[in-house]
Engineer: 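Starting off with a structure, shown below.
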Amino acid sequence: MFCVPVILALSLGLPGCGAESAGLRASAGSDTFNRASGVNSAAGVPEAVATRNPIIWADVPDVSVIRVGDNYYMSSTTMHMNPGLPILKSRDLVNWTLLGYAYDTLVDNAQMNLEDGKNAYGKGSWASSLRYHDGRFYVSTFSATSGKTHVYRTDDIERGNWHETAFEPDLHDHSLFFDDGRVFMVYGSNEIRLVELEEDFSGIKTDGINQVIIADAGKVAGEDILLPAEGSQLHKIDGRYYLMNITWPRNGMRTVVIHRADQLTGPYEGRVALQYQGIAQGGLIDTPEGDWYALLFGDRGAVGRIPYLVPVTWKEGWPILGREGAVPTALDVPVNGKPVANTNVVGMVTSDEFDQPRLPLPWQWNHNPDNDHWSLSARPGYLRLTNGRVDTDLLQARNTLTQRTFGPESTAEVRLDLSAMHDGDVAGLTLLQKHYGYVGVVREAGERFIVMMSAEGKSPRELDRVRLQGDVVYLKAHADFRDLKDTAHFSYSTDGEAWLAIGAPLAMTYTLPHFMGYRFGLFSFATAEPGGHVDFDYFRLNKPAPYMRGPTLPL
């Protein structure tokens, strides 16, 4: 999961792991949908009716996918967000609906609670492994924040509760694997190891298999490797074992490598499976009709790491990813003889009038929430955020409620009642990452001001302020990811009809310290005294727009 060389690239504002070389700027010909009928040469199907890549233009990284009958299930990474380890369902491998999360709380400690100046940005839980075995579903992850490997299990992935077993140590980028009545994990970076687990997942089996199965997994991509092979996903297909990893050759890009063996313990032989646009990390999946795909992701700037569906054919016992080495921008994924059209993030984000007794599934808290200081019932029809302590900055504030941004463009609007704010309180709508921006309201000496804050530089700066008359304000944030613009604009209104821009455009930048695409966030925190609160009347998102092509990097 981790991409060491992107530290430099991201610090320079480059596209990170997807960049083919330092200094290479990304571009796209057309991100938005048009009805002109063309044919994509790589896919050989009309683009106006085909499935489009990426299948989801939003942050859904470290994908692990399985098929059970006619249903597909996927797990992904949301790291420091809670609840965490999202589980999604699809009937066509293209359009996904959020089912829930494997856990409500990964670990209860100062990092995850944003206490004592600590945080878990970019940490929490990392790449997961989703499996189905003997009628039961399993999903596992690992965490440097907890220092453990976590295994969750349920008999009903769509409605059941997940039960956890955890053990030390945290096995990096592992793949959970069942074989011949035994349970294993394949894990590691560069040196890939196979360990056998206790049947109850309580730990590594003392007298079980524990060995290196591939000493230098990235070597098949070249002798000079920047990112050692990691991101293991192991499959058994027609009696043979296939291990997928990612690596990054120097002066190259993120690359998929595959090793295969006739025995679980090896020996393994390997080859490069895909080098295209930095699209990598994921697994293989088949359809009931016998077609094969790889579900991978690509780093695409501030929106995050987004999933691509890659057609797979087989030749001499090897999976061949893509079409002539390329990931098509359009492909034919038929269901019942008809092509599947993308709905983008429709099943993964939502508007919310806060008129239900529970928060809808797409909401996630930034770190562990303080459940004593938020409510949907204190004022029915509103989300109340109460400031339970004093904080100095948005990034350390408790109870920031978030949802994904998405491409090509996404816009969120909120209506906010500020009548119970105290002096020193700050509340509003943010686009959250390390270099965040927000439009909000501050109360100072009994007066309220609408402000636009930018954390583009070394420290947050107020770029604009307007005195606010009245207790109600409407706030809006707009994120533009077309052509990798990665630009945000903020505005406000006092009546919900006439909108005024405030501050300056925010240059959104994906950073490793957060390791996540920008998110919309609702927040309130105190800088002087606790006890104040604000009430959010609603959160309204624009409908995700269709698109012809997502963000691409130069060939």
Side-chain angles (χ1 to χ4, degrees), residues 2-17 19 22-23 25-26 59 79-81 110-112 114-124 145 299-305 366-367 389-398 400 402 405 424-442 444 449-466 475 477-481 484-490 501-521 523-528:
F2 191 66
C3 210
V4 176
V6 296
I7 296 174
L8 175 60
L10 291 174
S11 69
L12 296 174
L14 301 176
C17 294
R25 289 299 301 171
D59 193 58
M79 293 174 295
H80 50 276
M81 297 291 170
Q111 287 178 283
M112 285 302 300
L114 290 170
E115 294 174 340
D116 303 326
K118 298 179 180 179
N119 64 68
Y121 287 112
K123 300 175 184 176
T145 309
D299 301 82
R300 293 300 180 263
V303 77
R305 299 176 291 167
N366 177 23
H367 292 64
R389 68 183 194 188
V390 172
D391 288 299
T392 58
D393 180 65
L394 171 64
L395 296 184
Q396 287 299 124
R398 297 289 295 271
T400 297
T402 79
T405 58
D425 287 0
V426 188
L429 173 64
T430 184
L431 280 163
L432 184 65
Q433 234 269 4
K434 179 182 179 182
H435 299 302
Y436 63 82
Y438 69 70
V439 56
V441 175
V442 300
E444 298 172 354
F449 300 88
I450 305 169
V451 299
M452 186 264 164
M453 294 288 292
S454 171
E456 282 185 38
K458 293 182 179 180
S459 59
R461 294 185 302 129
E462 181 181 298
L463 299 187
D464 200 359
R465 70 163 48 199
V466 178
L475 307 175
H478 173 76
D480 187 351
F481 301 109
L484 287 173
K485 290 180 180 178
D486 291 352
T487 303
H489 296 83
F490 299 92
I502 187 169
L506 176 74
M508 297 182 288
T509 305
Y510 188 99
T511 69
L512 276 183
H514 279 213
F515 218 162
M516 182 176 290
Y518 274 76
R519 284 185 163 238
F520 292 116
F523 70 90
S524 178
F525 64 94
T527 65

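Here, residue 1 is the first one in the sequence, and each next residue gets the next number.
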Engineer: When you measure from the side chain of H478 to the backbone of A488, do you find a donor-acceptor pair of N or O atoms at a distance under 3.5 Å?
Structural biologist: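 Such a contact is absent between H478 side chain and A488 backbone.
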Engineer: Can you tell me how far apart NZ (K485) and CG (D480) are? Round to the nearest 0.5 Å.
Structural biologist: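 Nearest 0.5 Å value for the NZ-CG distance: 4.5 Å.
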Engineer: Distance check, rounded to the nearest 0.5 Å: D486 atom CG versus L431 atom CG?
Structural biologist: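 The CG atom of D486 sits 11.0 Å away from the CG atom of L431.
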Engineer: Within this structure, what is the CE-OG1 distance for the pair M516 and T405, rounded to the nearest 0.5 Å?
Structural biologist: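 The distance works out to 11.0 Å.
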Engineer: Is there a donor-acceptor contact under 3.5 Å from the side chain of Y436 to the main chain of S454?
Structural biologist: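 Between the backbone of S454 and the side chain of Y436 there is no qualifying donor-acceptor contact (under 3.5 Å).
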Engineer: Of all the heavy-atom pairs spanning D393 and P460, show the shortest one and how long it is.
Structural biologist: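 Nearest heavy atoms, D393 then P460: OD1-CG, 3.6 Å.
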Engineer: Output the distance between atom CZ (R461) and atom CE (M452), rounded to the nearest 0.5 Å.
Structural biologist: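 Interatomic distance, R461 CZ to M452 CE, rounded to 0.5 Å: 9.0 Å.
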Engineer: Can a donor-acceptor pair be found, under 3.5 Å and without considering hydrogens, that links the side chain of D59 to the backbone of R305?
Structural biologist: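 Here the side-chain-to-backbone pair exists.
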Engineer: Applying side-chain contact (heavy atoms from CB on, under 4.5 Å), can you list everything that pairs with Q111, at least two apart in sequence or on another chain?
Structural biologist: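 Applying side-chain contact (heavy atoms from CB on, under 4.5 Å) to Q111 gives N109, K118, A120, K123, T145.
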Engineer: Using the side chain to side chain contact (heavy atoms under 4.5 Å, CB included) definition, which of the options L463, V451, V439 pairs with I502?
Structural biologist: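 Of L463, V451, V439, side chain to side chain contact (heavy atoms under 4.5 Å, CB included) with I502 is met by V439 alone.
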Engineer: Using atom types as modelled and distance alone, determine if a side-chain donor or acceptor of T402 lies under 3.5 Å from a backbone N or O of F520.
Structural biologist: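 No, because the side chain of T402 does not come within donor-acceptor range (under 3.5 Å) of the backbone of F520.
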Engineer: Please check if the side chain of H80 supplies one atom and the backbone of H367 the other of a donor-acceptor pair under 3.5 Å.
Structural biologist: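 Side chain of H80 to backbone of H367: no pair is present.
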Engineer: Drop me the distance from T509's OG1 to E456's CD, to the nearest 0.5 angstrom.
Structural biologist: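 It comes to 7.0 Å.
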Engineer: Would you give the length of the straight line joining atom OG1 of T400 to atom CZ of R519, rounded to the nearest 0.5 angstrom?
Structural biologist: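 If we round to the nearest 0.5 Å, T400:OG1 and R519:CZ are 12.0 Å apart.
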Engineer: Can you spot which of F523, F490, Y518, F525 makes a ring pair (Phe, Tyr, Trp, His ring centres under 6.0 Å) with Y438?
Structural biologist: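 Only one of F523, F490, Y518, F525 forms a ring pair (Phe, Tyr, Trp, His ring centres under 6.0 Å) with Y438, namely F523.
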Engineer: Residues two or more places apart in sequence or in another chain: which of them pass side-chain contact (heavy atoms from CB on, under 4.5 Å) with E115?
Structural biologist: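 side-chain contact (heavy atoms from CB on, under 4.5 Å) list for E115, sorted by chain: A110, N113, R389, R398.
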Engineer: With sequence neighbours left out, write down each residue that passes side-chain contact (heavy atoms from CB on, under 4.5 Å) with H514, or none if nothing qualifies.
Structural biologist: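 In terms of side-chain contact (heavy atoms from CB on, under 4.5 Å), with neighbours along the sequence ignored, H514 is linked to Y121, L395, Q433, K434, T511.
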Engineer: Would the distance check show the side chain of T527 and the main-chain N or O of G424 forming a donor-acceptor pair, the cut-off being under 3.5 Å?
Structural biologist: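 Yes.
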Engineer: Within a strict 4.5 Å, meaning less than it, do heavy atoms of the L394 and L432 side chains meet?
Structural biologist: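 Side chain of L394 against side chain of L432, heavy atoms only: contact under 4.5 Å found.
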